[in-house]
Each structure stands twice: as C-alpha cells, then as structure tokens.
Amino acid sequence: MEGLINFGILFLTMAGIYGILSLGLNVQWGFTGMLNVGIAAFFAVGAYSSAIVTSVGDLPHWGGIGAPMIIGFAAAMIVSGIMAFFVGLITLNLRSDYLAIASIGIAEIIRLVLKNEEWMTGGVNGFTGISGKFNNIFDGGHALLYMIMVMVVLGIAYFLCERAYKSPWGRVQRAIRENEIAARAMGKNSLSFRLQSFVLGSAIMGLGGAVYTHFTGFISPEAFDPLLATFLIWVMLIAGGSGNNKGAILGAFIIWGVWSGTEFITSSILPADMATQGAYLRVLFIGILLQAILLTRPQGLLPENAPQPDKD
Amino acid sequence: MISIQSLSKSFGGVKAVNGCSFDIEQGTITGLIGPNGAGKTTLFNMIAGAFAPTSGKIIYQGQDVTGLRADQLFHKGIVRTFQIPHEFERMTALENLMMVPPGQNGENLFRTWFSWAGVRNQEREVRKKGEEVLEFLQLTHIRDELAGNLSGGQKKLLELGRTMMTEAKVVLLDEPGAGVNRTLLAKLAEMIKQLRDERGYTFALIEHDMDLIAHLCDPVVCMAQGAVLCQGDFESVRSNEEVLEAYLGSSAHQETEGKA
Amino acid sequence: DDIKIGALMPLTGQLQELTPPILNGAKLAVEEANAAGGVMGNTVILEVKDTQLNPTVANDAAQKLVSVDGAVASVGPLASGITAAVANTVTINAKHPIVSPSATAPTITDLDDNDFVFRTTASDAYQGVALAQLMAEKGSNKVAVIFVNNDYGVGLAKSLEDAMALTGGTVTGSAAYEPKATSYRGELSKLAEGGAEELVVVGYPADGGIDIVRQALEEGFFSKFVFTDGMKAQGLIDNIGGANLAGSYGTAPRGVETEASKGFAKMYSDKFGADPSGPYIHNNYDAAMILMLAIEKAKSTDGTAIRDAMRAVASAPGDIVGPGEFAKAKELIAAGKDINYEGAAGSQDFDQNGDVAGTFEHWEVEGDALVTVKIF
Amino acid sequence: MSDVLLTIENVTGGYGEADILFDLNMKVHDGEVVVIVGPNGAGKSTAMKSVFGLLKIRGGTITYDGHDITHDTSDAIVRRGICYVPQTNNVFPTLTVHENLEMGAFVRKDDISDSLDRIYEFFPPLKEKRKLPAGTLSGGQRQMVAMGKALMLDPKLLLLDEPTAGLSPKYMDQIFSIVKQINELGIGILMVEQNAKQALGLADRGYVLASGKNRYEDTGANLLANREVAEMFLGG
Amino acid sequence: MEILQLVLYGTILGSILALGAVGVSLTFGILRFANFSHGDLMTIGAYVVFVVFTVMKLPLWLAIIVSLAVTAALTAIIDKLIYRNFRNSDPVILLISSFGMALILRSLIQLIWGPSTQVYEKGIQLAIKFGGGLRIKPDQIIILVGTVLLIIALHLFLRKTKMGKAMRAVADNAELARLTGINTEKVILCTWLMGGALAAAAGIFLGLDTRVFPEMGWNILLPVFAAAILGGIGNPYGAIAGGLVIGISQELSTQFIDPSYKPAVAFAIMVVILIVRPTGIFAGRSS
Ligand SMILES: Nc1ncnc2c1ncn2[C@@H]1O[C@H](COP(=O)(O)OP(=O)(O)OP(=O)(O)O)[C@@H](O)[C@H]1O
Ligand SMILES: Nc1ncnc2c1ncn2[C@@H]1O[C@H](COP(=O)(O)OP(=O)(O)OP(=O)(O)O)[C@@H](O)[C@H]1O
Ligand SMILES: [Mg+2]
Ligand SMILES: [Mg+2]
C-alpha cells in the first residue's frame with residue numbers, strides 16, 4: 001500500500017513536470033502555431049540553470065552558489081527565456097517547417113554543448129551537487145511535499161497560460177497562427193507577438209526543467225534525449241488537445257500513464273525470462289495505444305475551445 | 001496625402017509595377033482600374049507594406065514611408081483589404097473583427113495577468129463595436145461562425161468590416177465588390193461616401209465594376225502594364241481610347257454608354 | 001513469500017545489444033540460488049525493468065521496482081549516468097541497495113549514497129592504468145585513441161592517457177566519437193595523420209565501435225587495434241572476421257582464474273549455449289550472488305540490513321566461496337560462519353565507497369575467438 | 001425543350017451538422033444556360049458543391065443524364081463529363097499555368113494539344129505566363145486559368161461559380177461570350193453570378209436563392225424584369 | 001588530397017541522406033506532414049535485404065528489388081490501416097501518428113530480428129584506389145550509382161508522367177484535384193509506394209555502408225529531416241542538395257573541430273543557411 005502511494009507520488013510528480021512542459025509547448029504551438037521541435041534544449045537549459053545556482057559544495061564544474069530553490073526556478077525561467085529570445089530573433093521569421101528544423105538543430109547544438117563542456121556542466125559525467133532542499137527540511141515526507149509543489153507550479157503555469165490565451169493577446173496569437181500576413185496588415189507586429197509567445201513558452205519549459213532537476217537530484221545529458229524530452233511532449237499535447245491548456249495537462253497525465261503503465265501489462269502477461277521481448281512489446285503497445293487515441297479522438301481529448309466573446 | 005513616385009516592383013524577370021507615379025489626395029475616393037495583371041494589387045501591397053518596392057518612393061503625409069512594415073503603416077493610419085480574402089479561418093467572424101483595434105490593453109501579457117478587470121471592460125467595448133459592424137454588413141447571423149466557413153462574398157464583407165474597426169486615415173480596398181451582391185454593394189458605396197464625408201477618410205479602391213467606379217470615384221487612375229495609363233475624372237478616363245482598348249473593351253463601352 | 005530482486009537494464013535503447021547476456025549472468029545466479037532452496041527459504045524472483053538508457057525512464061522503472069513490485073534490492077543499472085540518476089532520485093531515499101555490474105565511472109565513488117550503491121566492477125581509474133601497462137609490455141608505444149562520447153568513454157580514455165604518460169607511451173591524437181553517427185571516416189582520417197601504429201578503441205561494438213573498426217580497416221587508416229572491455233564481444237569478430245583483427249588485443253576487468261570462476265564459464269555456456277565472453281556478464285552474476293548472500297546473511301529483506309551485510313559476505317575474513325557455491329555458502333551462513341565471496345569477475349571486496357579493486361585480463365583475438373592470455 | 005441534363009431534386013444538406021440547403025430544386029436541360037443569383041451566403045456555391053459530392057446530403061437526389069449521382073465521388077462525376085470551377089482556390093498555385101491546363105484534361109486519354117491552343121487563344125495573357133506558377137498570377141489571370149482548366153475537359157455540363165469576379169470588363173465580356181460560344185457547342189451551363197444583369201441577359205433560365213431555398217424561378221428576361229427581384233438581389 | 005577523399009565520403013553519406021530526404025519530402029509534399037516513421041521504414045528495407053541476401057543467399061540485386069517492393073507495400077498497408085483515417089485532420093495529427101508508427105515498426109523489428117548488429121557480408125571490403133590517390137569501395141560504387149539511377153527515375157516520373165504531375169497537383173490543393181477528376185486516393189497510394197521504396201533504398205545503402213541494427217533508421221532520421229528541409233521541404237530536388245550538403249559538411253568538419261561536435265556542425269550549417277536563405281537552398285513550396 002505504502003509502495004503504491006510512493007509510486008503514485010512519483011507518477012504524479014513526473015506527469016506534473018510533463019504537464020508544465022506541455023503547457024509551454026501549447027503556448028508556442030497551440031496558441032501561435034510555432035513548430036518548436038527543440039523543447040529539450042529549453043528544458044535542459046532550465047534544468048542546468050537551476051542546478052548551477054542552487055548547487056552546493058566544491059564542484060568540478062560551475063555551481064556551488066547555494067541559492068534557494070525558488071531562485072533556481074526564477075533563474076531557469078530567465079535563462080531559458082533569454083535563450084528563447086535570441087533563438088527567436090534569428091528563427092522566428094522562418095516559415096513553420098523551417099522553424100521546426102532550425103529548432104531541432106539548435107537544440108542538438110545546445111545538447112552537445114551541455115554534453116561536451118565539462119567545465120561548465122560536468123559534461124558526460126553529469127551535474128552533481130544539486131541541492132534537494134526538501135530532503136533536509138522535510139525528511140521522510142519530502143516526496144509528497146515535492147509533488148504538491150509540482151502541482152502548485154503547474155497550477156500557476158496553467159493560470160498564466162489560460163489568462164494569456166483568453167485575452168486579446170491570445171486572440172492576436174491565434175490570428176497570427178491563422179494568417180500572418182493579414183495579422184500584420186491589421187497592425188499587429190507579428191514578430192514581436194511571436195517572440196513573446198516563444199519566450200513565454202520556453203520560459204515555462206525552463207521552469208519544467210528546474211522542477212525536474214530538483215526532483216531527480218542529478219542531471220546528465222541523457223535526460224534530455226529528444227525522444228523523451230521533445231517528441232513525447234508533442235505526443236502529449238496533440239493527444240490532449242493542442243490549443244487547450246487543460247488538454248495539454250490532461251495529455252501529459254494520460255500519455256505518461258500510457259508510457260509508464262504499459263510496463264505493468266507486459267510484465268503481467270509475459271513470463272519473467274522474456275523480459276527483453278517484454279520491453280519491445282511494451283513499446284509496441286505504446287505505439288498501438290497512441291494510434292487508438294488518435295483514431296478515436298483526432299482533435300485531441302479536449303479539442304481547442306476558443307473563448308467566445310459573450311453575448312448580451 | 002499619399003504620393004507615389006516612380007514606384008517599381010519586379011518578381012524575378014517580371015516587372016509587375018514599372019515606374020508608376022500618381023497622388024492620392026486627401027479626402028478623395030480614388031479609383032484604380034486597369035486590366036488584369038496591370039499591377040494594381042502589387043501597388044497596394046507596396047503602399048501597405050506587404051513588401052518593399054524594387055525602386056521608387058512612397059511619401060505619406062510628407063513623410064517617406066517606403067519599406068516600412070505593414071504593421072507600422074497600419075499604425076500610421078493606412079489600412080487595406082485583400083483581393084483574395086485573408087480571413088482568420090478558425091476564428092469566428094466576430095473575433096476576426098475584434099482582433100483589429102490597435103493597442104488593446106489585453107494585448108499586453110502583464111496586463112492580462114495582473115489587471116484582468118480592465119482588460120475585460122475594454123473587451124466589452126470592442127465587442128460592441130464588432131457587433132455594430134456585423135450588423136451594418138448584414139452578417140449578424142454569422143457572428144459566431146468560423147470565418148473559414150463563410151461564403152465567398154461573406155468573406156469579402158468581413159474583409160471590409162475589418163477596416164471599419166479602426167480609425168484609419170487611408171483605406172485601400174482591393175476589389176471590394178467582386179463577388180458581393182449588388183444590392184449590398186450599393187449600400188457599401190453609400191457607406192464609403194459617408195465615411196469619407198463624416199470622418200474624412202481617404203479611400204483608394206481597385207474595382208472592375210464600372211457602375212461602382214462611376215458612382216463613387218473621383219479621380220480615377222487607370223493602370224496598364226505596371227504604369228499609369230491615364231487619370232482624371234471617370235468620364236475622361238472612360239472615353240480615353242487606350243483605356244477602351246486595353247481595359248473596357250468595345251462592348252462594355254457601349255453598355256455603359258447606353259446606361260448613361 | 002517470494003523475494004524479489006530487481007534488475008535495471010537497458011533492454012531497449014542504445015546499449016540494448018549488450019544487455020541480454022549481462023542479464024543472463026544475474027539469471028544464472030538466481031537460478032542457482034533457487035536450486036539451492038532459495039534465500040531465507042524463499043524463491044527468488046528476478047524482476048527485470050527496462051531503463052532505455054534514459055534517466056527519466058530509469059527513475060520510473062526503479063520506483064516501480066521499489067514501490068510496486070516490492071523488490072528488496074537490485075542489480076544494475078548498467079551505465080554510470082543512469083546509476084547516478086536512479087540512486088539520487090529513487091533508491092537512496094528508499095534505502096534500496098543497488099549493485100551495478102558495469103558503472104565504471106570514477107564519479108560513482110563519490111556519490112553521496114548513504115552506502116546504498118555498490119558495484120562489482122572496478123572504476124575506470126584502474127583499467128586505464130592496467131591497459132597502459134599492458135600496452136607498454138606489448139610495445140604499443142605510439143597510438144591514437146578514439147573513445148565513445150559518454151561517461152564511460154571519456155573517463156576511461158582520460159585515465160588511459162594519464163597512465164600512458166607515466167609508462168612513456170605517446171598518444172598521437174585522441175578524439176571522442178558520437179555513438180549515433182554513421183560514418184567515422186573523417187575522425188579516422190584525422191587520427192591516422194598522426195602516424196600512430198595502433199588505434200585504441202574505447203567504446204562498444206553496438207555504439208559505433210564496429211563501424212570504426214571496419215572503416216579503419218577498409219580505408220587503410222589502421223590495421224591493429226587495442227580494445228577496452230566494452231569492445232570485448234564475439235559479435236565484433238563475427239562481423240569483422242578474426243583474420244582482420246589478428247594481433248589486436250585488449251583488457252577487461254576479470255577475476256583471477258579460480259576453479260570456481262572457470263566453473264562459472266561452464267555453467268553459463270551449459271545454460272545459454274554461448275561463452276560468457278562479452279563484458280560485465282561475470283560482474284552481473286557476482287552482483288546478484290552478493291545481494292542474495294547478503295540477504296541470507298542479514299536474515300532480513302530490509303534494505304538497510306542488506307546493505308550492512310554486503311561487506312560481511314563479500315570480504316575477508318571468512319571461508320571462501322565462489323561461483324556455483326551458493327548452496328555451500330548458505331550452509332556456512334546457517335552454521336554461523338563468516339564467508340568471503342570471491343566472484344567470477346574478481347574477489348569483490350567492497351571498500352568504504354562500495355567500490356572494488358580490480359584485476360584485469362589481457363585478451364587477444366586468435367582465429368575467430370577471444371582468448372584470455374593472462375589475468376593481472 | 002430538350003432532355004434534362006442535371007436534376008437537383010428536394011436536396012437538403014450541409015457541410016456539418018447544420019443544413020444549408022433546404023429542399024432545393026433545380027434543373028439544367030441539354031444545351032441550356034442557367035444562372036443562379038442571390039445574396040451572399042444564400043447557398044449558391046453550396047448548391048453547386050452538392051452536385052460534386054462535397055456535401056452531406058440528407059435528403060433528395062441528384063441525377064445527371066439519367067444516372068443517380070447523389071453519392072458519387074468527385075472524380076467519378078468529372079469522368080461523366082461535368083466540370084466545376086470553384087469560386088475560390090480554383091488553381092494549383094505551384095503548378096505552372098501550362099500544367100494547370102494539362103491537369104484540367106486529366107481524365108482525358110486523347111491528344112490535348114488542340115484544346116490547349118484554343119485556350120491560349122481565348123486568353124492571350126495566359127500564353128505569356130504559361131511557364132509561371134499559377135500562384136504568382138494576378139487575381140484576374142487566375143480566374144482565366146481556372147476557366148481554361150475547366151474547358152480543357154470538353155465537358156458536357158459546366159458549373160461556374162462567379163467566373164467573372166475580379167475580371168476586367170473586357171474579360172468579363174469575353175467570359176460571357178465564351179460562355180455563349182461553348183453553350184452553342186451544346187454544353188449545358190450552370191452558373192452563379194453577381195453580375196446578374198449581364199448573366200441573366202444571357203441565361204435561358206434563372207434561379208434566385210435565398211437562405212438555402214428556392215425563391216424565384218423564371219426565364220432570365222422575366223427575372224430581370226421582376227422589380228422585386230431586382231430590388232432585393234440585383235442592386236436595383 | 002585527403003580533403004577530396006573526405007568529400008567523396010561525404011558524398012556517399014550524403015547520397016544516403018538524400019534518398020531518405022527525398023522520400024520524406026515527397027510524402028510531405030502530398031500529405032503535408034513530416035513522417036517520423038520514415039527512419040524505421042529504412043530499417044525494414046535494410047533488414048529485408050539482410051534476409052534475402054545474407055540469410056537466403058540470393059543475389060544482391062534481387063534482394064534490393066524484393067526489399068523495395070516489400071517496404072513499399074508495407075508503407076501502403078500502413079496508410080490503409082492508419083494514416084488514411086487522418087486525411088482531413090490537422091497534419092500534426094499525422095505527424096504524431098507516424099511517431100507512434102515508428103515505435104510500432106521498431107519494436108516489431110526488435111521482436112523479429114532481435115537487438116544485435118548484423119552485416120550483409122562478414123569481414124571487410126578493401127577500397128579500390130583510383131586517380132589522385134582517391135579510394136572507393138565496391139559497395140560505395142553501388143550506393144552512388146544506385147542513388148543516381150533512382151533520382152533520375154524519380155525526376156522523369158515527376159516531370160514527365162501524368163501521375164507525377166497529379167501528385168504535385170494533389171500537394172497543392174487536394175479538393176481541387178478531386179474536382180479536376182484526379183483520384184486522390186490513387187495518387188496518395190502512389191506517393192506512399194514511392195516513399196516506401198526510397199526509404200528502403202536509403203536503408204539498404206546505409207546497411208551496405210555500415211551495418212544493420214534496429215535503431216539505424218531512427219538514428220539517422222534527424223539528419224534526414226535536416227536535409228529535406230534544408231532543400232526546401234516538399235521539393236525533392238532540393239532534398240538531394242540538402243543531403244549532400246549535410247553529408248559533406250559532416251565528414252569535412254572533423255578536420256577542423258572536435259569530432260564530439262560533429263553532429264552539431266551539420267545542424268549549425270543548416271541553421272546558418274536557413275537564416276541566410278530562409279526558404280532553403282532551393283525555394284520550397286510556399287504555404
Ligand atoms: N509573387 C509574384 N511573383 C511573380 N509574379 C507576380 C507576383 N505577384 C504578382 N506577379 C505578377 O505581377 C503582375 C501584376 O499582378 P497584380 O496582382 O498586381 O495585378 P492586378 O492589377 O491586381 O490584376 P487583377 O485585376 O487581375 O487582380 C501579374 O502579371 C502577376 O503575374
Ligand atoms: N465549408 C463550410 N463549412 C460550414 N459552413 C459553410 C461552409 N461553406 C459555406 N458555409 C456556409 O454556408 C452558407 C452558404 O454558403 P455559400 O458559399 O453556398 O454561399 P453563396 O450563396 O455562394 O454566397 P456568395 O455569393 O457570398 O459566394 C453560408 O452561410 C456559409 O457560412
Ligand atoms: Mg489584383
Ligand atoms: Mg459563393
């Protein structure tokens with residue numbers, strides 16, 4: 001029983017972190033239609049930024065400042081946001097397909113920098129010395145508290161996204177998504193708006209990275225492999241319903257549930273010595289389940305539901 | 001108001017606009033006619049900042065505005081419509097209008113987060129205005145229909161409606177009449193006049209419907225092959241031999257003649 | 001009740017090809033224990049979870065092992081980075097001992113782990129020294145080094161280069177390679193420029209090692225190779241051809257040959273129809289054995305108790321037991337005697353960091369086989 | 001009058017859940033020019049699309065040449081010899097003008113060079129632009145491509161949705177005269193037009209639609225003469 | 001001189017990338033989505049040759065033909081079963097679906113063939129030396145010649161045949177294509193068959209040049225996408241150039257910078273080119 005609760009806590013924490021990332025992507029893709037396929041980069045930069053400012057001890061790489069976690073979160077958002085600003089400046093006037101590839105390219109470059117610049121990030125050996133301040137303060141129950149904190153952060157991110165979406169700001173973003181030329185002709189500085197959306201989304205992704213960092217207490221470049229740090233988040237957003245903040249979160253919970261939960265299915269139907277085949281079957285299941293979700297709900301579980309001006 | 005000075009634009013080898021010069025006077029409704037492919041839309045695109053000219057200058061209120069971006073020109077008071085409607089497909093008709101007014105509080109992220117009440121109040125005003133415009137265009141029944149689902153003519157009307165959502169100084173209309181029902185078009189013409197008279201807007205409009213041009217426009221500029229062929233009041237342009245040859249064709253000539 | 005021991009292995013993902021035989025090592029140990037009546041009278045079940053070589057997945061898997069499956073301790077993970085992640089996120093807090101058969105990065109030593117993290121393979125700090133020694137003996141004094149760009153490759157290459165500086169060898173050039181690339185000809189061409197006679201390959205066949213060796217041979221960049229443990233795989237010879245690799249050699253962590261360890265090789269090939277020639281198979285067997293002995297010794301499945309019994313069963317003093325002798329060890333424990341497990345991969349005496357000092361083998365390619373020349 | 005070519009009988013349907021057409025009835029006889037007029041959003045384009053299987057038809061039938069085509073696919077309908085020029089998006093923007101015309105003859109198996117020559121004769125500007133992607137043409141030139149593309153099929157029935165919108169008066173006349181010409185070849189024509197006066201002047205019969213329903217049906221001349229129609233729909 | 005040799009190596013790698021990219025570009029052009037399962041189709045193609053050539057010991061040319069046919073057919077079946085249902089959905093749905101399909105294909109490959117590395121022929125193949133000290137392996141000649149032949153055939157198909165033009169028409173506007181009498185389903189089927197065959201060819205050549213293992217296609221997918229988009233996505237000709245640029249720049253990069261940044265170089269060049277020429281080397285389709 002206790003074990004299940006522990007697993008539940010881990011599950012919710014991870015799903016919550018993915019929820020934050022998925023919200024960030026929703027701002028960029030769901031609102032504005034920017035095809036960012038470099039989520040991992042902003043995720044990682046946020047993670048490392050927070051790790052650097054909060055870590056303690058004599059470290060073989062940057063860090064050791066020992067700032068409180070909240071400062072780490074802020075740093076993550078700021079650094080990811082600034083990075084997004086510059087990435088945005090050079091890529092956002094590209095057409096969407098090109099933005100996609102440029103973002104993949106930049107993300108890979110950033111991943112390689114994090115991987116190879118040992119003096120800064122610990123390189124392939126990973127970043128050590130990350131403070132999990134909760135460990136010391138609330139020994140024992142800290143995992144639960146951390147999960148609650150993740151949910152609070154997710155709630156705040158949701159609030160910010162929802163307000164942004166429902167406001168004229170969100171309306172302009174949708175207009176840009178639909179027809180950028182017309183939006184410009186209607187006086188909207190589309191570059192500025194897209195930049196805002198890109199920076200906001202990326203800052204939220206960075207925040208997700210920070211939350212992830214303090215949860216795992218150890219980060220290394222493998223954690224930001226495109227499969228789990230970019231593609232999976234896309235799957236979450238699309239399955240959940242892009243353009244819909246609730247959908248983004250729901251998608252994260254459901255897809256993480258599928259990703260993590262299929263394990264139970266394969267391990268319960270296969271004998272133990274077929275564990276290897278089980279792992280392949282599991283991936284097969286994930287693929288099939290994904291198709292099933294898409295076939296039954298092609299608009300996502302919660303389709304976009306733009307706020308309508310009320311009637312009198 | 002706007003002075004176009006030997007403006008040119010080429011695409012690859014094609015000279016779409018080629019040394020075109022004329023003025024749009026304050027308070028006029030300038031009609032722009034010319035054969036298909038004469039460069040009228042391209043000219044509008046340059047005036048409205050959709051793309052920069054290859055050479056030449058655009059002077060607006062004494063200021064050189066050549067090469068400014070579309071959104072910058074919008075804020076200077078130049079608003080345009082598109083010949084092929086550029087609606088925001090997956091937004092409702094009302095939203096298409098509501099997004100237009102510039103400088104809405106809610107376009108600032110921080111205000112949306114921290115001063116929601118103010119944003120909502122302003123939204124109400126913008127909505128009212130949008131609804132008025134819809135009513136005027138007889139589109140109230142499709143208020144909440146996605147713009148992508150509108151009929152061809154409804155899209156054109158919506159296109160026009162967007163220019164009515166803002167305080168413009170110059171409005172460029174690219175074939176507002178094509179595909180619009182004639183009864184409604186006559187009303188639109190009245191409205192254009194009214195806007196000019198009451199609010200001092202300046203209009204430039206491209207149109208192939210000679211009735212509308214005759215009724216509304218003075219002066220009329222006729223373009224051909226990227227340059228101005230002739231200009232003047234409608235009568236003089238209409239009776240110009242070259243215009244007849246290149247644009248009106250002989251039968252149209254007779255037809256309008258017969259009516260007049 | 002059954003006792004569950006977890007196994008955190010990259011069944012899919014980049015090192016997947018390496019995993020099945022390593023996993024078999026642990027399976028063999030568990031079977032042996034069960035044949036001997038189990039641990040504390042209970043059947044042992046090996047609960048295998050896929051880490052996909054990704055920390056996020058591995059953490060999830062580890063948490064499931066601990067929380068849902070109720071595993072009492074685990075073998076694995078294989079990669080150092082994953083080991084560090086799992087330890088920090090899940091197992092240390094859960095007081096769940098883990099024994100990695102292959103996390104060779106020196107950083108694991110300094111993990112703030114409350115002593116819940118062990119490994120049955122020597123830190124790369126030692127293998128580098130051993131390989132440099134061997135190379136000096138073999139007269140490989142002028143070499144180029146290519147290493148896989150991960151914690152294993154970077155750490156081992158560094159310790160090798162440091163050690164070679166002491167033994168007087170020259171490294172004409174060294175380059176990291178990215179595992180996912182398809183062509184390494186650019187890197188090889190650059191390395192060949194230095195005029196080295198041999199190429200040291202620090203990596204795994206599945207990670208690009210095969211491509212490197214093949215392209216080096218085909219394009220005539222290098223004809224002789226020095227390998228580290230990761231490259232010690234029959235698949236390498238099968239694919240490249242033994243003749244093309246004649247004279248190439250390498251090191252791998254390996255326990256001193258004992259009757260018992262020879263017994264392990266036989267047990268393994270009897271059971272799985274293949275020699276345990278790949279890397280870390282022995283180590284994983286040892287990892288599972290030590291864990292089970294520790295449980296037996298602790299007479300408890302409590303993580304802390306298991307942790308505390310680890311050194312008691314693996315280190316002197318005590319009667320020496322080895323691979324294939326679970327039954328004997330169990331009797332000794334029952335008789336209240338101390339035991340000292342000397343494993344298939346080495347004597348497995350944990351120091352205060354949970355590390356073991358290593359002995360290494362010198363292996364060579366002879367015909368189409370991997371042959372152990374000596375253990376030192 | 002000659003045989004009935006196309007019959008739309010009591011058709012009710014729409015794009016999604018909501019119906020747009022209600023009990024619509026229309027006929028085109030062999031060799032006839034029929035014009036549909038009506039306010040924006042009346043359902044004129046929708047009526048045309050219903051023929052081409054682009055609509056969910058919830059009631060009624062459409063027959064062509066004696067065959068029930070209510071549920072046929074668009075390409076099957078084209079093969080029967082009906083051609084449709086949509087109101088918007090009616091050219092392939094990245095294909096050249098020439099390729100667009102070739103595509104128009106996609107279902108033809110015979111030699112098409114004569115037809116190509118004829119189209120270039122009808123629309124000289126297209127000949128100049130034959131190698132350019134249709135997406136770069138001016139609005140009016142595109143309309144010409146769209147018309148030309150449809151004529152490439154040598155259809156038996158031609159559906160035209162506002163073929164003259166955006167064309168200069170000269171070409172507008174030309175389109176009307178082309179319509180007359182092809183009609184003289186015996187091709188039936190069903191056309192939506194906002195330039196109602198000219199169109200009705202040319203038409204054998206006309207329909208006035210409003211809100212998806214039939215409002216008036218008469219000969220072209222009678223409709224033109226009908227004051228009520230003129231005031232409400234034709235701009236007085 | 002060595003530089004020239006590296007350019008040659010780059011050309012070989014580039015040919016493989018180009019074939020992959022052309023396939024991606026074709027399907028993108030018609031169906032408007034980036035097919036994430038393309039890499040795993042490449043893997044399937046490679047494994048089919050492994051079965052026919054290495055295991056059944058039939059001639060290589062036959063194995064290649066069988067593989068192209070099998071992969072093409074498989075692609076068409078996948079379309080019938082899955083992608084077909086998304087014809088009217090947002091292309092991003094297709095993209096995610098293809099991502100799921102990639103997972104399915106890869107796990108099937110692993111279930112059928114296991115995780116280990118295979119090679120078509122054991123042992124090594126020595127390079128032939130020719131003018132100026134340049135070297136090339138027989139397999140690499142097959143790759144280069146095969147790529148050129150396939151691309152010429154594709155070019156003729158797209159430019160000269162009715163079906164080729166119809167494919168471009170469907171890419172432009174599917175509804176209008178239907179109204180023109182084009183059977184769009186047939187066109188889509190044709191696109192998939194070609195995309196599948198090209199994927200198989202790329203996979204086979206990759207297998208010939210290196211080795212065959214379950215993740216081979218997935219690993220190379222990002223550079224393939226990069227090549228496709230670099231050339232102006234939806235433009236098969238640009239994709240060829242994109243493949244070559246990426247292949248050659250990757251191989252050359254090792255001479256100048258730390259090889260651990262090798263993958264980054266390709267991407268960096270790509271990003272720079274995108275910024276300098278925002279529509280790719282060759283202008284792609286305008287959306
Ligand atoms: N993006 C472009 N690339 C190449 N040529 C273009 C482009 N845009 C316009 N043109 C060419 O420029 C010329 C002028 O086009 P424009 O759209 O300005 O004509 P127009 O006067 O508005 O005609 P219409 O009355 O038919 O709308 C045409 O010949 C057209 O083919
Ligand atoms: N794709 C669509 N989905 C949903 N509704 C549509 C769609 N297309 C048109 N409609 C609706 O159907 C109604 C009739 O449209 P239709 O295009 O038939 O009008 P029309 O008579 O051709 O008008 P116009 O003269 O403006 O072209 C309109 O109210 C429009 O909003
Ligand atoms: Mg125009
Ligand atoms: Mg219409």
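Worth saying up front: this structure is predicted, and the values here are computed from it rather than measured. Order of the sequence lines sets the chain letters (A, B, ...), proteins ahead of strands, with each chain counted from 1.
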Q: State the CZ-CH2 distance between A:Arg163 and B:Trp116, to the nearest 0.5 angstrom.
A: 5.5 Å
Q. Between B:Arg69 and chain A, which part of the residue has a heavy atom less than 4.5 Å away: side chain, backbone, both or neither?
A. side chain
Q | Contacting region of B:Met98 [heavy-atom separation from chain A under 4.5 Å] | A | both
Q.
Counting only heavy atoms not in A:Ile70 (residues, nucleotides, ligands), do more than 12 fall under 6.0 Å from its CD1?
A. no
**Q.** Nearest heavy-atom neighbours spanning A:Ala175 and B:Met99
**A.** CB-CE, 3.5 Å
Q) Should we count CD1 of A:Ile181 as having more than 12 external heavy atoms under 6.0 Å? A) no
Q. Looking at CD of B:Gln72 and CZ of A:Arg184, how far apart are the two atoms once the value is rounded to the nearest 0.5 Å?
A. 10.5 Å
**Q.** Value rounded to 0.5 Å, distance of CG in B:Leu109 from CH2 in A:Trp169
**A.** 4.5 Å
Q) From B:Glu95 CD over to A:Arg174 CZ, what is the distance, rounded to the nearest 0.5 angstrom? A) 4.0 Å
**Q.** Test item: B:His86 side-chain N/O and A:Asn179 main-chain N/O as donor-acceptor pair under 3.5 Å
**A.** no
**Q.** Approximate separation, where rounding is to 0.5 Å, of A:Met186 CE and B:Thr166 OG1
**A.** 9.0 Å
**Q.** Residue B:Lys9 excluded, over 12 heavy atoms near NZ under 6.0 Å
**A.** yes
Q) Residues of residues 189-197 of chain A under 4.5 Å from chain B (heavy atom pairs)? A) A:Asn189, A:Phe193, A:Gln196
Q.
Under 4.5 Å from any heavy atom of chain A, what part of B:Glu123 do you find: side chain, backbone, both or neither?
A. side chain
Q: Heavy atoms only, distances under 4.5 angstrom: which of B:His75, B:Arg90, B:Glu89 has the most pairs with chain A? Name it, please.
A: B:Arg90
Q: Look at A:Arg171 together with B:Glu107 and state whether they make a salt bridge at an N to O cut-off of under 4.0 Å.
A: no
Q: Might you confirm whether atom NZ of B:Lys129 has over 12 heavy atoms from other residues, nucleotides or ligands at distances under 6.0 Å?
A: yes
Q | Exceeds 12 heavy-atom contacts within 6.0 angstrom, atom CD of B:Gln61 | A | yes
Q: Check whether any side-chain N or O of A:Lys188 sits under 3.5 Å from a backbone N or O of B:Val100 as a donor-acceptor pair, and report yes or no.
A: yes
Q. Just how far is it from atom OG of A:Ser167 to atom CH2 of B:Trp113, taken to the nearest 0.5 Å?
A. 9.5 Å
Q | Per-residue contact mode, B:Glu87 against chain A (heavy atom under 4.5 angstrom) | A | backbone
Q.
I need the residue from B:Arg162, B:Arg80, B:Lys76 with the largest number of non-hydrogen atom pairs under 4.5 Å to chain A.
A. B:Arg162
